[in-house]
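Notes to accompany the following structure.
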Amino acid sequence: MDCKNLPKIELHAHINGCLRRSTLHEFLQEDNKEYQIPAVIGIKEAFEIFSWVHSVMTTKARLQRVVEEILEDFENQNCLYIELRTTPKSTKFMSKQEYLSTIVSVFTSNSRKIKAKLLISINRSQSLEEAWENLHLAQTCEKCVGLDFSGNPMANKFNYYVEVFNEARKSGLKITVHTAEIEDEEDTVDILNFRPDRIGHCNYLSERCENLVKDLRIPMEICPSSNMATIGLGSMVDHHFGKFYGFDHPIAICTDDTLLFDTDISKEYELVANAYSLGDEDLKKIVKNSAEMAFSDEALEGLS
Ligand code: 6MZ
């Protein structure tokens, strides 16, 4: 099955996880840094790679180039709408505000067919003070449609930041949360009780949590290659997609980090299509579901 021509929607992609490998190597070389991405990636290696990426993503020019390349790469895979997510960073060369305005200016001057929106990520390793700061940045950022909760799943729990997310919801922002990336039922129950607008990954749902997700019908972003790497699955046939697809649960197929998993959105669709023998109509239905799960109407408008 070749999914390149299928018009697609991307809802779960991290900016600093989606650099081209060639661009990362160019930046590392310019900075006289030596690093090779490991062949096998689990959760530990993933966070090691992010620290290398962050160490070179210091200037507005690099950020601008990376965001432009991401839009080009997704458009080349026939992706019509993308929600990119990132944690605002301040470096020697830019403030968090400048970091965001650099991204927004790429989105605004984008003359491509692909439409782009931003989600601001609250990182599990950040302080509560930084989480509030991220919320305030999100509330004033013209392209931002929601908040994401991500970062190292071993770090702080969702409840530590729950007031920030309550406030975000009050101000009209949508919320998506990295959920059950590792086994942690208590954290997962707290997340599900908050009823996010979407949940990501859901690798380790206990039976109780699985039922909650089903009953509440919280739309799920799955990232096949990433999930297989985190769980250590040898085959996509064993992924939880099969179970939830069987219940007609709203699911979006996403990439997570194209750099880390050496993938693109067509390959992620192909993995699912081949594992579950899906045909064109099934795939179109998944794309339609994804557009309905998006945080902006532009996703559905793009499809019609
Ligand atoms: C959890 C992840 C992630 O924000 O610098 N991130 N968090 N699980 C994952 N699955 C493997 N993939 C990416 O993009 C990189 C950041 O996104 C989060 C991590 O916090 C990572 O540092 P930005 O653009």
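Numbering of ligands and ligand atoms starts at 1, following listing order.
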Atoms of ligand 1, numbered as shown, that sit under 4.0 Å from any heavy atom of [X]:
X      : result
Asn123 : 20 (O)
Phe47  : 1 (C), 7 (N), 19 (C)
Glu181 : 1 (C), 8 (N), 9 (C), 10 (N), 11 (C)
Asp257 : 3 (C), 11 (C), 12 (N), 13 (C)
Asp256 : 10 (N), 11 (C), 12 (N)

Discussion item. Is there a polar contact between ligand 1 and Asn152, counting only N or O atoms under 3.5 Å apart?
Written reply: no

Item to complete: Ignoring angles and geometry beyond distance, decide whether Thr86 reaches within less than 3.5 Å of ligand 1 through its nitrogen or oxygen atoms.
Response: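 Yes, at least one N or O pair falls under 3.5 Å.
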
Does this structure show an ion pair linking [X] with [Y], if we count only N-O contacts that are shorter than 4.0 Å?
X      : Y      : answer
Glu30  : Arg62  : yes
Glu281 : Lys284 : yes
Arg124 : Asp187 : yes

Discussion item. Quick check on the 6.0 Å ring-centre criterion: do Phe149 and Phe158 meet it?
Written reply: yes

Item to complete: Assert yes or no for the condition that the ring centre distance of His178 to His12 is strictly below 6.0 Å.
Response: yes

Worksheet item: Closest approach of Ser277 and Asp282, non-hydrogen atoms and distance?
Response: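 Looking at all heavy atoms of both residues, the closest pair is O-OD2, 4.5 Å.
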
Discussion item. For the residue pair Lys143 and Phe107, would you count it as a cation-pi contact if the rule is NZ or CZ under 6.0 angstrom from the ring centre and within 45 degrees of the ring axis?
Written reply: no

Under-4.0 Å heavy-atom contact with ligand 1, by part of [X] that carries it:
X      : value
Leu260 : neither
Asn16  : both
Ile15  : both

Worksheet entry | Where at least one partner belongs to residues 152-166, residue pairs that pass salt bridge (charged side-chain N to carboxylate O under 4.0 Å, His left out), sequence neighbours excluded | Lys157-Asp184

Quick test: of every protein heavy atom, which one is nearest to [atom], and how far off is it to 0.1 Å?
atom                    : answer
atom 1 (C) of ligand 1  : Gly151 O, 3.2 Å
atom 4 (O) of ligand 1  : Thr87 N, 3.0 Å
atom 22 (O) of ligand 1 : His54 CE1, 3.3 Å

Worksheet entry | Proximity winner for atom 18 (C) of ligand 1, if only heavy atoms of His201, His14, Glu45, His12 are counted | His14

Worksheet item: Closer than 4.0 angstrom: is that true for some heavy atom of Met57 and an atom of ligand 1?
Response: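 No, Met57 has no heavy atom closer than 4.0 Å to ligand 1.
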
Discussion item. Yes or no: does Arg124 have any heavy atom under 4.0 Å from an atom of ligand 1?
Written reply: no

Item to complete: May I have the step-by-step check of salt bridge (charged side-chain N to carboxylate O under 4.0 Å, His left out) for Lys115 and Glu298, ending in yes or no?
Response: CA-CA 7 Å; Lys115 300 278 176 268; Glu298 286 183 26; 5.7 Å; no

Worksheet entry | Partners passing side chain to side chain donor-acceptor pair (under 3.5 Å) against Ser90 (at least two apart in sequence or in another chain) | none

